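Notes for the one structure printed next.
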Amino acid sequence: MDNESLMLTIAVLGGTGKEGKGLAYRWAKAGYRVLIGSRLSERAVTVASEIMQLLEGSSSVVGTTNLEAATQAEIIVLTVPYAAHRETLDNVKDVLKGKILVDVTSLSVPPMVTKVQMPPAGSAAQEAREIVGEGVEVAAAFQSISHKHLLTDEDVDCDVLVTGTSKDARAEVLKLVEAAGLIGWDAGPIENSIVVEGLASVLRYINKQYGSKNAGIKITGANHNS
């Protein structure tokens, strides 16, 4: 556990879902203080307790409401389904100034979950930027990672593309990617989130077409350390 982890608090909004719970587990294991947010604080408390049990009480994971979690944290990670995307952001936007919002959302509207669909803003992350307004750095990441990997300690053979409103914001999110035991790449400005989010639908199609569950992406031909 490094000093930076000890100083940072991460709020995982919608952290009672599979993706949010998995990310929270990995960050808590890495030493970050993690707040699980939910519309119902009781549900968040239950999930936080489950994560603490997995970690044998060695980390700090607390369950609360989405608003309280966003208020207390420096980095806010949004893991709600797209149907709850705008409502959740409207509820917390007033406490996000000066913080980083990481949007994990990819648009998935049944029954066409394997078809790329984008909102009028271009992507969920760009829509989030419009909702939260000036003074909030917005990034998009983790859309290509299956939740099935995250609650285990196994190595994940899949890369993470990070887009965002500034290079500094992307650098901070890449630290979270690394802390989660994953390989991340700076994929450029927030406008590129259209492609990153769209890949989630492509991967769901590949899973369906080829009878797999964990299709992912790998970046080749580039030096990750450069």
Side-chain angles (χ1 to χ4, degrees), residues 12-27 75-89 100-132 138-152 154-165 169-170 173-174 176-178 180-220 222:
V12 184
L13 309 190
T16 56
K18 294 177 180 178
E19 190 83 10
K21 183 178 180 181
L23 289 169
Y25 167 76
R26 292 227 167 191
W27 288 325
I75 298 179
I76 292 82
V77 182
L78 184 65
T79 65
V80 299
Y82 181 72
H85 187 255
R86 179 174 290 276
E87 179 185 357
T88 304
L89 287 172
I100 297 175
L101 171 68
V102 185
D103 199 337
V104 183
T105 308
S106 60
L107 193 55
S108 175
V109 181
M112 302 299 290
V113 297
T114 59
K115 178 181 178 180
V116 175
Q117 303 170 74
M118 289 298 172
S123 67
Q126 288 172 286
E127 183 177 274
R129 185 186 188 186
E130 291 181 355
I131 295 169
V132 300
V138 179
F142 300 106
Q143 286 85 359
S144 60
I145 300 294
S146 169
H147 67 83
K148 295 178 175 65
H149 293 301
L150 296 173
L151 275 174
T152 71
E154 67 184 28
D155 292 334
V156 181
D157 189 28
C158 179
D159 291 352
V160 177
L161 302 180
V162 177
T163 66
T165 49
R170 297 193 295 272
V173 178
L174 285 168
L176 296 187
V177 175
E178 183 179 2
L182 304 166
I183 294 175
W185 297 84
D186 183 338
I190 197 70
E191 288 78 8
N192 290 356
S193 61
I194 296 172
V195 176
V196 177
E197 292 179 22
L199 276 174
S201 296
V202 175
L203 293 173
R204 285 193 289 268
Y205 177 84
I206 290 172
N207 280 332
K208 181 179 179 180
Q209 180 72 11
Y210 295 96
S212 56
K213 295 181 179 180
N214 303 314
I217 60 168
K218 293 287 287 183
I219 301 300
T220 64

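Not measured: the values here are computed from a predicted model. By convention here, the first residue in the shown sequence is residue 1.
Looking at Asp186, Val196, Val195 one by one, the single match for side chain to side chain contact (heavy atoms under 4.5 Å, CB included) with Thr163 turns out to be Val196.
Across all their heavy atoms, Arg204 and Ser106 have their closest contact at NH1-OG, 3.7 Å. When all heavy atoms of Ala215 and Asn207 are compared, the pair lying nearest together is N-OD1, 3.0 Å. Nearest heavy atom pair, residue Ile145 against residue Asp159, reads CD1-O, 4.1 Å. The two residues Val102 and Ala141 come nearest to each other via the heavy atoms CG1-CB, 4.2 Å. Counting all heavy atoms, side chain and backbone alike, Val138 lies closest to Ala128 at CG1-CB, 4.4 Å. Scanning all heavy atoms of the two residues, the minimum distance from Ile190 to Ala125 falls at CD1-CB, 3.7 Å.
For the atom pair Asn214 CG and Leu203 CG, the distance stands at 10.5 Å (nearest 0.5 Å). Note that OG1 of Thr165 is 11.0 Å distant from CD of Gln126, once rounded to the nearest 0.5 Å. Between the NZ atom of Lys18 and the CG atom of Leu151 there is a distance of 10.5 Å, given to the nearest 0.5 Å. From Glu127, atom CD reaches atom CE of Met118 across 11.5 Å, with rounding to the nearest 0.5 Å. In this structure, Leu89 CG and Thr105 OG1 are separated by 7.5 Å, a value rounded to the nearest 0.5 Å. Atom CG of Leu78 is separated from atom OG1 of Thr88 by 6.0 Å, given to the nearest 0.5 angstrom.
The environment of Glu87 atom CD is sparse: at most 12 non-hydrogen atoms of other residues, nucleotides or ligands sit within 6.0 angstrom. The local environment of NZ in Lys218 is crowded, with over 12 non-hydrogen atoms from other residues, nucleotides or ligands closer than 6.0 Å.
With hydrogens and angles ignored, the 3.5 Å screen pairs no side-chain donor or acceptor of Arg26 with any backbone N or O of Lys21. Arg170 places a side-chain N or O within 3.5 Å of a backbone atom of Gly164 that can act as its donor or acceptor partner. The backbone N or O of His149 sits nowhere less than 3.5 Å from a side-chain atom of Ser146 that would complete a donor-acceptor pair. The backbone N or O of Gly216 sits nowhere less than 3.5 Å from a side-chain atom of Ser144 that would complete a donor-acceptor pair. Counting only distance, with no hydrogens or angles, the side chain of Gln143 and the backbone of Asp103 share a donor-acceptor pair below 3.5 Å.
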Set out, in order, the CA-CA distance, both residues' side-chain angles and the distance that settles side-chain contact (heavy atoms from CB on, under 4.5 Å) for Trp27 and Leu176, then state yes or no.
CA-CA 7 Å; Trp27 288 325; Leu176 296 187; 3.8 Å; yes
Evaluate the criterion side-chain contact (heavy atoms from CB on, under 4.5 Å) for residue pair Trp185 and Val177; output intermediate values, then yes/no.
CA-CA 9 Å; Trp185 297 84; Val177 175; over 6 Å; no
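For the pair Leu199 and Leu161, the minimum side-chain heavy-atom distance is below 4.5 Å. Using a 4.5 Å heavy-atom threshold, the side chains of Glu197 and Tyr82 count as separate.
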